[in-house]
Amino acid sequence: MSNAVTRFAPSPTGHLHIGGARTALFCWAFAKKLGGRFMIRIEDTDQARSSEASARGILEDLAWLGLEWDDGPALDWHNRTIGGQSRDVGSYYQSKRLPIYNKVVDDMIERGIAYADFTPESELKALRAAAQAANQTFRFHPPADKILSVPHQRERIAKGEPHVVRFRAREEAVSVVDQVLGEVSFSASEVDDFVLRKADGFPTYHFGVVVDDEHMGVTHVLRGQEHLMNTPKHVALQKALGYRTPMYAHMPLIFNDAGAKMSKRERDQTARKAMKDRNITASPVPEIIDNASFSAWLGDTKRQLETGQLEALAAQQSLALPEVSVDDFRRAGYLPGVICNFIALLGWNPGENIEKFDMDFLAKNFNVERIGKSNARFDRKKLLSFNADAIAKLSDEQFLSELRAWAATHAPAELNAFLAGPSATLLAKTFRPRTKTLRDIIAATRFLFTADASYPFDRAAVDKNLLANSNAGLDHLRRMAADFAQLTDAAWTVERLSAYFEEVVAAHKLANAGVLAQPLRVALTGTTVSPGIAETLVLLGRQRSIIRIQRCLLECKG
RNA sequence: GGCCCCGUCGUCUAGCCUGGUCCAGGACACCACCCUUUCACGGUGGGGACAUGGGUUCGAAUCCCAUCGGGGUCACCA
């Protein structure tokens, strides 16, 4: 046991990003390895963007991934509770910790290491613009004589004048020993008089983090490299407040295909580009996205649609959107263990050419020494391969249960009904080796759920497999139809039908069973692609199979 | 632009700290062949990298310097 405490501190402004998931994973693994505690804190200090629904969604994403927290908000998850108040450190929601921050702020003002600043925002903007025009970096760091006396500050605060409270930065360089990057030095000018408390009374990110990490006993901060330049601010604050400085480890970023930080905006960008390429200017799904919002979104590259809207648009347009959030991957039918395995590899590896591992392995073997320094591109093809491998390693029973759990919320009713029926086991056994993500099942089983009278026959498939060589395929079909009519439902099994094909091949000296299978496949599914032909027949059932063959015989004449 | 980080096959990486065992190993992707009842799976094989230029050294992917390239960050967002 150790007293190490790591924390993952998301801001609830959307779904859990895959990069955030990796941060959480590493924090979790680090705590587990050391026998310490893993904590979740919700950084909901942006009143406009934060939502309780999003916080809940993120907690569910974490729980689904298997990243259970020792301390943090309570979440009911599959008949038990994760988290809850287990240490006496107050709320894990920053928005509920305002008195704590205010006490620290008041104290800092009194000590002269923070001050109320009444500069209007418009003025700040102008200063910033001027600095940029002069090709200089804007730093807010007024000389001491420009800062109001403490009583004067108090007086104006008491009058209710709008203001922020700023840190009074000392002019000194800060050096941080990062566990991944080594010693990193920042010059004094990197830390200016940044805001601690916003005009709305909420703490800024920098202030909330520093105060809470101290009060919550956080010992190790593992976070993305995008936070590296925040570190001198945090360390300067810690020093000013007499806090301990936790161990820092900044991990490399996760990149998209374009070689930039992976972001949630990519899905909108992909969809927007497709709309422009296809010259679509009006909403293709007007009942979900009205035309005004659609064109506003189309014209503004910063605008984002809601998840449901984006999904509807993508579905209607047959667009494949890149998965970015944990929820995207979950809906796409990836296994949580695979996601964790894969993202762990983006920045960390156990050495010795080991690539596939589970959560137990991570909890036992994780270490910061093996976190890499360079950014990693997120290769969806490799992830897909990992997922397919993991599914291949599942037993049929495990696969079926994973599939049922996923389908319950992500698949159409017909598939769920089938998965509850007598042929569910056969379906699982049949499709498991051809499944890369659980969602593949939907497309692969579509032929089962279209009406016997309405699935289309692919012209080229009919020509090649039924009509070629003077209707050779149709002749086979006719004979099989007659034979099938003789069979009983009890004989309608994979074993019996496989034997039947062998018998026919031998009796008629056919080249191979494909001569029979392909015409049948076209008759049963309208296409040349399906699982093994015996399995296809059994999945469909004797009656439907015969109906389909008859229909094909009627409709697919030369 | 300032500051900071990074730079091994197309991609993720092992090796780098503690130079020689590396004409650089693995994985995904790609290509070819095999298997085959279509698709998928599976099997075998193949092409493919130390960013560049200088040093140091008997010897450098490994140490040093420079250049180039990529990224991050510069809010009353987090």
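All of these numbers come straight from a predicted model, not from anything done at the bench. Within every chain, numbering begins at 1; the chains are lettered A, B, ... in the order of the sequence lines, protein sequences first and strands thereafter.
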Provide the Watson-Crick or G-U wobble partner of [N], both distances under 3.5 Å; none if there is no partner.
N: B/G7; result: B/C68
N: B/G2; result: B/U73
N: B/C30; result: B/G46
N: B/A14; result: none

Roughly how many Å apart are [M] and [N], using the [atom1] atom of each and rounding to a whole number?
N: B/C22; M: B/C5; atom1: C1'; result: 28 Å
N: B/U67; M: B/U57; atom1: P; result: 23 Å
N: B/G25; M: B/A14; atom1: C1'; result: 7 Å
N: B/G54; M: B/G48; atom1: C1'; result: 28 Å
N: B/C12; M: B/C65; atom1: C1'; result: 30 Å
N: B/C4; M: B/C9; atom1: P; result: 27 Å
N: B/G7; M: B/C63; atom1: P; result: 11 Å
N: B/C16; M: B/A49; atom1: C1'; result: 16 Å

Regarding [X], tell me which of base, sugar-phosphate or nothing describes its non-hydrogen contacts under 4.0 Å with the strands shown.
X: A/Gly347; value: sugar-phosphate
X: A/Lys356; value: nothing
X: A/Val195; value: sugar-phosphate
X: A/Arg49; value: base
X: A/His206; value: base
X: A/Arg521; value: base
X: A/Phe202; value: nothing
X: A/Asp117; value: nothing
X: A/Arg380; value: nothing
X: A/Glu121; value: base
X: A/Ser189; value: nothing
X: A/Thr525; value: nothing
X: A/Ser185; value: sugar-phosphate

*Looking at side-chain heavy atoms only, is the closest gap between A/Pro322 and A/Arg380 below 4.5 Å?*
yes
*With a 4.5 Å limit on heavy-atom distance, are the side chains of A/Leu427 and A/Leu403 in contact?*
yes
*Taking for each residue the nucleotide of RNA chain B with the nearest heavy atom, is it A/Val180 or A/Thr528 whose nucleotide lies nearer the 5' end?*
A/Val180
_I want to confirm an ordering. Mapping A/Pro252 and A/Leu181 to their closest nucleotides on RNA chain B, which one lands closer to the 5' end?_
A/Leu181
_So that I know where these two stand, are A/Phe26 and A/His220 an aromatic pair - ring centroids less than 6.0 Å apart?_
no
*Hey, mind stepping through A/Phe386 and A/Phe329 against ring-ring contact (aromatic ring centres under 6.0 Å, His included) and telling me if it holds?*
CA-CA 13 Å; A/Phe386 270 41; A/Phe329 290 103; over 10 Å; no
_I need the single residue from A/Ser54, A/Pro12, A/Pro10, A/Ser51 that forms a side chain to side chain contact (heavy atoms under 4.5 Å, CB included) with A/Asp44. Which is it?_
A/Pro12
*Pick out which of A/Asp389, A/Asp440, A/Asp396 makes a salt bridge (charged side-chain N to carboxylate O under 4.0 Å, His left out) with A/Arg432.*
A/Asp396
*SB check A/Arg49 A/Asp46 (cutoff 4.0 Å)*: yes
*Would you kindly say whether A/His250 and A/His227 are connected by a side-chain donor-acceptor distance under 3.5 Å?*
no
Solution key, residues 504-512 of chain A side-chain donor-acceptor pairs under 3.5 Å, sequence neighbours excluded:
from	atom 1	to	atom 2	distance (Å)
A/Asn512	OD1	A/Gly514	N	2.8
A/Asn512	OD1	A/Val515	N	3.4

*asked:* Can you give me the first and the last nucleotide of RNA chain B (5' to 3') that has an atom within less than 4.0 angstrom of a non-hydrogen atom in chain A?
replied: B/G1 to B/A78
